[in-house]
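First comes the structure, then the notes that go with it.
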Amino acid sequence: MATHTVRFVETGETLACNDRLTLLQAMERLGRKGIPVGCRNGGCGVCKVRVLEGSCERRVMSRAHVAIEEESAGYALACRIIPTSDLCVTVIGKMGRAFARPEQDRKLTGE
Amino acid sequence: MGMTGVLRPGHAAVRVLDMKEAMHFYGEVLGLIETGRDSYGRVYYRAWDERDHNSIILREADQAGIDFFGFKVDSPATLDKLEADVRAYGYPTERIPAGDLLQTGERVRFEIASGHAIELYAEKGKANSPQMVDNPPPWNPESERGIAPIRFDHGLLYGPDIEKVQDFFVNVLGFYLTEQILLEDGKTQLAIWLACSNKAHDIAFVRHPEPNKLHHVSFLLESWEKVLRAADIMSMNRISIDMGPTRHGVTRGTTIYAFDPSGNRFETFAGGYQTYPDWDPLTWTWEEVGAAVYYHDRQLNPAFLEVVT
């Protein structure tokens with residue numbers, strides 16, 4: 001079992017991630033924070049990251065959140081990638097937006 | 001007879017990213033019964049105590065989420081009448097031929113203000129299990145396999161304009177409002193629960209900027225003990241749990257939220273209460289929104305409002 005070091009560019013923090021766990025699993029099992037946790041299964045998109053350096057195995061993830069052109073630019077969902085080398089990543093996904101309001105409804109649906 | 005018109009949620013078509021993984025989950029872990037596969041590659045399931053041929057339909061796609069949510073109505077005449085009523089309300093409708101879904105009659109499909117495709121249909125083939133109809137035992141091997149919910153029960157959908165959704169469901173489809181959560185202005189609804197029966201909810205909506213989102217499809221269990229058993233089975237199978245076991249203030253249901261292998265949230269729940277259409281809706285204020293959703297913690301987790309497919 002190989003262990004890889006994942007470095008978060010914003011904070012400089014590092015995380016040890018073995019080659020049997022997804023990046024998100026490795027973070028959660030150590031009680032660490034940094035990447036928002038959603039469905040953990042590639043569907044909801046809140047754990048989106050961009051891999052700036054390094055390689056990883058990618059499992060299927062929703063195209064609603066990672067388009068083909070994004071995938072080739074290193075974007076991925078942290079719940080679906082297993083590092084195969086040391087990684088340098090930046091966190092894209094966000095949680096904790098304000099509640100939707102009726103006026104936001106209208107703005108976002110073009111009414 | 002009290003229950004006429006729209007009878008109940010009948011089917012939900014869910015998109016999955018990997019059919020093989022999905023079939024293992026829905027068939028073995030959740031413990032639904034596979035009832036068929038069609039030429040599009042869709043796979044059909046029902047819960048052990050359901051009387052109709054299918055209720056959950058899986059389709060492999062590159063995005064998770066829900067394709068459509070269907071209600072069974074009491075007769076073809078009601079289907080025709082409601083189709084005319086929906087059109088008169090101003091929503092275009094589409095007739096999907098019988099047999100497009102296995103063992104399912106003609107469906108009338110339309111889009112509601114929240115962006116979801118809703119269907120009505122009057123006919124679906126019977127579940128092929130005579131042992132559940134003639135001198136039926138109270139349980140059987142299928143009721144003990146996996147989590148084994150009694151039935152597909154309801155859905156919670158996220159999208160904009162939920163006041164328009166409520167107006168449509170109440171004034172066209174004959175539903176009534178059972179509960180609501182209001183925002184801090186004391187007027188605007190954050191969430192609505194609607195019934196076409198005497199269940200505390202047959203469908204619910206939360207206000208959300210993006211249209212056509214799935215929060216969860218829900219499956220009924222018999223008891224709180226079965227909810228705990230479901231949680232054990234989820235952990236034994238490394239299922240991603242979102243929240244619970246806990247209780248909702250709204251509907252009083254005891255619950256677990258968790259995710260299928262494609263990230264679609266599902267609920268296994270027990271309890272709740274029976275309602276009647278002459279009852280006033282229950283209202284939760286903004287100060288108590290936490291208890292409305294998660295009664296024990298009395299606080300929302302960010303995922304409740306933001307993690308959808």
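These figures come from a predicted structure and were not determined experimentally. Sequence lines set the chain letters: A, B, ... in the order given, protein chains first and strands last, and positions in each chain run from 1.
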**Prompt:** Checking heavy atoms, do the side chain of B/Asp62, its backbone, both or neither come under 4.5 Å from chain A?
**Reply:** both
**Request:** Check the side chains of B/Asn301 and B/Asp242 for a donor-acceptor pair under 3.5 angstrom, ignoring hydrogens and angles.
**Result:** yes
**Request:** For each of B/Val308, B/Leu214, B/Asp18, tally heavy-atom pairs with chain A at distances under 4.5 Å, and name the one with the top tally.
**Result:** B/Val308
**Partners meeting ring-ring contact (aromatic ring centres under 6.0 Å, His included) with B/His216 (sequence neighbours left out)** = B/His154, B/Tyr257
**Item:** Residue part contacting chain A, namely of B/Gln189, when any heavy atom lies under 4.5 Å
**Value:** neither
**Pairing of B/Arg59 and B/Asp67 as salt bridge, 4.0 angstrom limit** = yes
**Prompt:** Are side-chain N/O atoms of B/Gln63 and A/His65 paired as donor and acceptor at under 3.5 Å?
**Reply:** no
**Request:** Examine whether an atom of A/Val60 lies under 4.5 Å from a heavy atom of chain B, and if so say whether it belongs to the side chain, the backbone or both; otherwise answer neither.
**Result:** both
**Asked** Do A/Arg7 and A/Thr14 get their side chains close enough for a donor-acceptor pair, meaning under 3.5 Å?
**Response** no
**Message:** If I measure from the heavy atoms of chain A, does B/Ile241 come under 4.5 Å with its side chain, its backbone, both, or neither?
**Reply:** backbone
